[in-house]
Engineer: 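This structure is in structure tokens; I'll ask about it shortly.
Start at 1 and go down the list; that is how both ligands and their atoms are numbered.
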Amino acid sequence: MIDDRIEPFTFPGLPTRIEFGRGARFRAAAVCERAGFRRVLVVTTARGTDVLAQIDAVAPIGAVGVFAGSRTHVPTPTVREAREMADAVAADGVVAIGGGSAVGLAKAIAHYDDIPYVALPTSLAGSEMTSVWGETTDGHKRTARDERVRPREVIYDPELLATLPTGLAVQSALNALAHVTEAAYAPDTSPLVQSLAREAAAVISGGLESLSAGDRSFDRLLYGASIAGMCLSSAAMGIHHKICHVVGGALDLPHAATHAIVLPHVLALNLPAAGVADSILSAAFASPRPESRIQEVLRQASAPVALRELGASREAVRALAGAVVADLGDPQRGPVVVTAAEVEALLDRAWTGIDAKR
Ligand code: NAD
């Protein structure tokens, strides 16, 4: 007999309005107007200013200032400079054009100065869907939650990803897949989160297949990344995110690349103890060993499969095992409870890049 019961759960809700579609960037001015922005500061990178010029040529945002200095991991001096510019131009709204770093800068401004923003993501990091913001001070990255750092609206335009190098696109997609996986086995997961995870995993896997076949349209990957961001927003993250945060932050490693390398090894550890997540990933990758498929995808894209390829020293990586375990809290919330020695062994496998094995 089928068991019809559903365990009690809570779901935090999905608060952010989305405009999705090719060319959606040209609706940025209308979105800003709907948000009530009168004096817009654009925060972006040098590359993002080209995107802004394209938008302005069709439907001008009419920004009163452009801060093109957003940097990886949102350093405190960058936050200070951007806030000073926001103050100098009396900005009442921000438009973030870029990856997780530009979105992260807009989040920091929203946190400190309560200035709302609209996000135009150009990568698959998914930060725009969460209330988590972060800042790096003297090499130490700290993150916290604040509902004010959610954007007013997100404009997902797949054409904004056309310039993303394929290796980086694959790594960024695996960053999104990490959100999906950890949400599917989180202690506070639910059938609702798992159905989002199932959709996102299938769409991301399909998008990766299209990308490896040379289709750079990015529609499915961006759609999958938006759902992955919802997953990240809706459930607690586990050991994978702790490892990437601790190791990536301490050794200043590239964010998406670190996620992509570590994920197969965490899947090999956790999926045997996480039935639903295992079935979601196995179905999405049409394989009983999705961790192996993910390493194949990385190799096909000539992307690194080993932390050593990112320039990290073996000793430095291994030495962070204790900090990862400390970050997991006591008691750990699974799905697998790990010792520092086990984490050290996992980190070593990720450093060498050997095949992820259950
Ligand atoms: P990023 O924004 O630093 O971008 C990585 C690199 O890709 C940069 O050199 C950037 O210029 C380039 N890039 C981005 N989009 C491009 C495009 N379309 N074409 C060509 N180049 C492009 O990194 P990311 O991986 O997007 O985001 C990582 C950051 O976001 C980290 O700081 C991470 O902590 C944060 N993040 C936060 C959350 C959250 O919920 N708070 C979630 C995920 C990631």
Engineer: More than 12 non-hydrogen atoms from neighbouring residues, nucleotides or ligands closer than 6.0 Å to CZ on Arg308, yes or no?
Structural biologist: yes
Engineer: Can you name the residues that form a side chain to side chain donor-acceptor pair (under 3.5 Å) with Ser233, not counting sequence neighbours?
Structural biologist: Arg150
Engineer: Hey, what do you get for CZ (Phe9) to CD1 (Ile6), rounding to the nearest 0.5 Å?
Structural biologist: 6.5 Å
Engineer: Go through the structure and list residues passing ring-ring contact (aromatic ring centres under 6.0 Å, His included) with Tyr223, not counting sequence neighbours.
Structural biologist: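 In terms of ring-ring contact (aromatic ring centres under 6.0 Å, His included), with neighbours along the sequence ignored, Tyr223 is linked to no residue.
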Engineer: Which pairs, with at least one residue in residues 159-206 and sequence neighbours excluded, count as a ring pair (Phe, Tyr, Trp, His ring centres under 6.0 Å)?
Structural biologist: His179-His241
Engineer: How long is the span from the OG1 atom in Thr136 to the CZ atom in Arg71, to the nearest 0.5 Å?
Structural biologist: 12.5 Å
Engineer: For ligand 1, list the protein residues that place a heavy atom within a distance below 4.0 Å of one of its atoms, sorted by chain and number.
Structural biologist: Arg47, Thr72, His73, Gly99, Gly100, Ser101, Lys107, Thr122, Ser123, Ala125, Ser127, Thr130, Val132, Lys141, Leu160, Leu161, Thr163, Leu164, Leu168, Leu232, His255
